[in-house]
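Here is the structure we will look at.
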Amino acid sequence: MVGRKKADEKSADNPSARRQYVALPEPRFFDQPTAAAYFGISERSFEALWRSYKMPHPLRLGRRLVWDRKHLDRFADTISRINEER
């Protein structure tokens, strides 16, 4: 097999054959474990908050319940009083 390059060597010589990775943006929607971690609380505490109508309620995407990051951020701003003038 003289004169033949391995597949790995071919891709190293051909820039268009190299894998290109794209940085993904921050996800807009979180499942419950991720949303709880986003707030730094347990899943049980997170669920207790949204079931008691203190936390924004989830959206249904197919069979999944997801929380919109922007709604969670707005809620966090409200409870931390970040927008209040002093």
Side-chain angles (χ1 to χ4, degrees):
M1 294 204 178
V2 177
R4 292 186 91 187
K5 292 184 179 182
K6 294 179 184 175
D8 295 338
E9 292 174 10
K10 285 182 183 178
S11 64
D13 292 340
N14 183 358
S16 63
R18 291 185 191 149
R19 290 185 186 197
Q20 295 181 358
Y21 295 96
V22 177
L24 296 176
E26 212 176 296
R28 172 73 185 264
F29 298 107
F30 297 143
D31 59 7
Q32 185 174 336
T34 306
Y38 188 67
F39 270 84
I41 59 177
S42 71
E43 289 180 50
R44 284 181 93 168
S45 295
F46 185 85
E47 185 170 350
L49 283 171
W50 73 263
R51 289 201 183 272
S52 66
Y53 293 93
K54 293 178 183 171
M55 177 78 66
H57 273 253
L59 307 169
R60 185 169 291 283
L61 290 180
R63 293 182 178 186
R64 295 180 56 207
L65 293 179
V66 295
W67 281 261
D68 187 325
R69 181 174 42 88
K70 291 184 179 185
H71 291 173
L72 294 176
D73 287 341
R74 204 171 313 130
F75 173 73
D77 291 346
T78 301
I79 62 172
S80 67
R81 300 179 183 164
I82 200 165
N83 292 327
E84 276 187 14
E85 293 184 33
R86 296 177 191 220

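These values consider heavy atoms only, across backbone and side chains, with no hydrogens, waters or symmetry-generated copies. Remember, predicted model here, so these are calculated numbers, not experimental data.
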Distance-only check: which donor-acceptor pairs under 3.5 Å involve side-chain atoms of residues 48-55, not counting sequence neighbours?
unit_1 : atom_1 : unit_2 : atom_2 : d
Arg51  : NE     : Glu47  : OE2    : 2.8
Arg51  : NH2    : Glu47  : OE2    : 3.2
Ser52  : OG     : Ala48  : O      : 3.0
Ser52  : OG     : Leu49  : O      : 3.0

Atom of Leu72, atom of Trp67 and distance for their closest heavy-atom approach: CD1-CB, 3.8 Å
Heavy-atom distance under 4.5 Å between the side chains of Leu65 and Gln32, does that happen here? no
Throw together a table of side-chain donor-acceptor distances under 3.5 angstrom for residues 35-44, partners on residues two or more places apart or in other chains.
unit_1 : atom_1 : unit_2 : atom_2 : d
Tyr38  : OH     : Asp73  : OD1    : 2.5
Tyr38  : OH     : Asp73  : OD2    : 3.4
Ser42  : OG     : Ser45  : N      : 3.1
Ser42  : OG     : Ser45  : OG     : 3.0

Fellow cluster residues of Val66, listed by chain then number, with links counted only when side-chain atoms sit under 4.5 Å apart: Phe29, Leu59, Leu61
Going by salt bridge (charged side-chain N to carboxylate O under 4.0 Å, His left out), name the residues that satisfy it together with Arg69, two or more places apart in sequence or in a different chain. Glu26
Excluding sequence neighbours, so at least two apart, what forms salt bridge (charged side-chain N to carboxylate O under 4.0 Å, His left out) with Asp68? Arg28
